[in-house]
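What follows is a short report on a single structure.
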Amino acid sequence: MKRIILTLCALLTTIIITAGTIDITSGSKKFLKSKGTICVTFNWDNAHWANGETLQQRWDKEYNMHIEEGEATFIKGFNEENKKLKAVTNADNADYTMTIDVQKIDYFFSATSIVPGHKHDIWAKVTVRDKAGNTVCEITIERMKGSRDFVVYDSYIKMMRKLGNELASL
């Protein structure tokens, strides 16, 4: 019995430590239950790495590819998780718009776990508006942890998919 309790405590501690913080700062997540479309746009203008370096500096010639693939993967992740509200990139006739202001991305190599690998975390502010331009919901993402991978680029892509999944299932 003691082993079961200790195992459950260890599992709970691990979940709490590895969980990212996604908080609704204003509004409601009811829009996620509606049927329709949501136009997703990213703002990468102020995004930087945890060490202060810009994404453009780090990714250099691959910057546009990383941004495009990351955004496409986010939309796939969102649409996998939410069967009613579909994420699109075209604002024409979309029921909602979601603007994701990426603030910071962190990258590190985790060697202390059972399975070592590259990992990315993300910080962002999300604003959802309806057709009339009214703010429906504001969300703050504080260090949402991505998934581990042996390839750096794949770790970033997995983080973007997880972000889409997490936002769609709030």
Side-chain angles (χ1 to χ4, degrees), residues 7-44 47 50 55 66-108 110 113-115 117-149 151 153-170:
T7 302
L8 289 174
C9 287
L11 179 64
L12 208 63
T13 302
T14 303
I15 290 170
I16 291 169
I17 289 172
T18 59
T21 306
I22 298 178
D23 291 323
I24 297 173
T25 52
S26 69
S28 170
K29 63 180 180 178
K30 289 180 184 176
F31 72 95
L32 290 167
K33 304 283 187 232
S34 63
K35 197 169 182 99
T37 58
I38 184 165
C39 177
V40 178
T41 57
F42 282 82
N43 179 2
W44 297 92
L55 299 181
H66 279 49
I67 296 299
E68 289 170 12
E69 285 292 319
E71 291 177 4
T73 303
F74 170 88
I75 289 174
K76 286 178 191 171
F78 189 96
N79 289 336
E80 285 172 355
E81 194 66 34
N82 194 320
K83 302 300 181 200
K84 290 185 177 182
L85 189 63
K86 292 296 171 196
V88 296
T89 56
N90 187 352
D92 295 343
N93 300 321
D95 300 302
Y96 299 96
T97 59
M98 176 186 286
T99 304
I100 302 171
D101 290 307
V102 179
Q103 299 170 331
K104 183 168 58 171
I105 293 179
D106 192 13
Y107 159 78
F108 59 95
S110 176
S113 64
I114 296 170
V115 180
H118 303 279
K119 201 163 187 180
H120 285 80
D121 298 340
I122 190 167
W123 289 255
K125 299 277 185 199
V126 180
T127 305
V128 179
R129 291 189 171 87
D130 60 14
K131 281 184 181 180
N134 301 318
T135 301
V136 174
C137 185
E138 289 183 340
I139 302 165
T140 302
I141 300 166
E142 290 291 328
R143 193 174 196 166
M144 191 215 69
K145 295 178 183 265
S147 300
R148 192 168 288 136
D149 200 282
V151 178
Y153 177 73
D154 291 347
S155 169
Y156 161 72
I157 292 298
K158 284 182 177 181
M159 177 200 62
M160 292 300 288
R161 174 176 247 124
K162 183 177 177 186
L163 179 62
N165 290 149
E166 294 285 326
L167 286 177
S169 65
L170 281 177

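Given the structure is predicted, the values throughout are model-derived calculations rather than measurements.
- Atoms CG and SG, on Asn93 and Cys39 in that order, are 11.0 Å from each other to the nearest 0.5 Å.
- Residues Leu32 and Phe78 form a side-chain contact, since some pair of their non-hydrogen atoms from C-beta on lies under 4.5 Å apart.
- Taking all atoms of both residues into account, the shortest heavy-atom contact from Asn90 to Ala94 is O-CB, 4.2 Å.
- Here the options are Val126, Thr41, Val136, Thr127, the test is side-chain contact (heavy atoms from CB on, under 4.5 Å), and the partner is Met98; only Val126 passes.
- Of the residues Asp101, Asp23, Leu167, Val102, the one that meets the side-chain contact (heavy atoms from CB on, under 4.5 Å) test with Ile141 is Leu167.
- From Arg129, atom CZ reaches atom CG of Asn134 across 9.5 Å, with rounding to the nearest 0.5 Å.
- With no hydrogens or angles considered, a side-chain donor-acceptor pair links His118 and Tyr107 at under 3.5 Å.
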Taking it one step at a time, do Ile22 and Leu170 satisfy side chain to side chain contact (heavy atoms under 4.5 Å, CB included)? CA-CA 8 Å; Ile22 298 178; Leu170 281 177; 3.7 Å; yes

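- No side-chain heavy atom of Ile38 sits under 4.5 Å from any side-chain heavy atom of Asn82.
- Taking 4.5 Å as the limit, some side-chain heavy atom of His120 sits within range of a side-chain heavy atom of Ile105.
- Checked against side-chain contact (heavy atoms from CB on, under 4.5 Å), Asp106 has the following partners two or more places apart in sequence or in another chain: Ala50, Phe108, Asp121, Trp123, Arg143.
- Residue pairs that meet the ring pair (Phe, Tyr, Trp, His ring centres under 6.0 Å) test with at least one member in residues 129-149, sequence neighbours left out, do not exist here.
- Minimum interatomic distance between Phe74 and Ile100 (heavy atoms only, all atoms of both residues): CZ-CD1, 3.5 Å.
- Taking all atoms of both residues into account, the shortest heavy-atom contact from Ser155 to Lys119 is OG-CA, 3.2 Å.
- When all heavy atoms are compared, the tightest approach of Asn79 to Ala87 is OD1-N, 2.6 Å.
- A distance-only check finds a donor-acceptor pair linking the side chain of Tyr156 to the backbone of His66 [under 3.5 Å].
- Across Ala47 and Leu55, no two heavy atoms sit closer than the pair CB-CD1, 3.5 Å.
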Side chain to side chain contact (heavy atoms under 4.5 Å, CB included) assessment of Glu138 paired with Lys125: CA-CA 7 Å; Glu138 289 183 340; Lys125 299 277 185 199; over 6 Å; no

Using side chain to side chain contact (heavy atoms under 4.5 Å, CB included), reason through Ile157 and Glu69 one step at a time and then give a plain yes or no. CA-CA 7 Å; Ile157 292 298; Glu69 285 292 319; 3.9 Å; yes

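- For residues 73-100, the salt bridge (charged side-chain N to carboxylate O under 4.0 Å, His left out) pairs, not counting sequence neighbours, are Glu80-Arg161, Asp95-Lys131.
- Of all non-hydrogen atoms in Lys162 and Lys145, the two that sit nearest each other are NZ-O, 2.7 Å.
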Could you give me the CA-CA distance, side-chain angles and deciding distance for Met160 and Phe42, then say whether side chain to side chain contact (heavy atoms under 4.5 Å, CB included) is met? CA-CA 12 Å; Met160 292 300 288; Phe42 282 82; 3.7 Å; yes

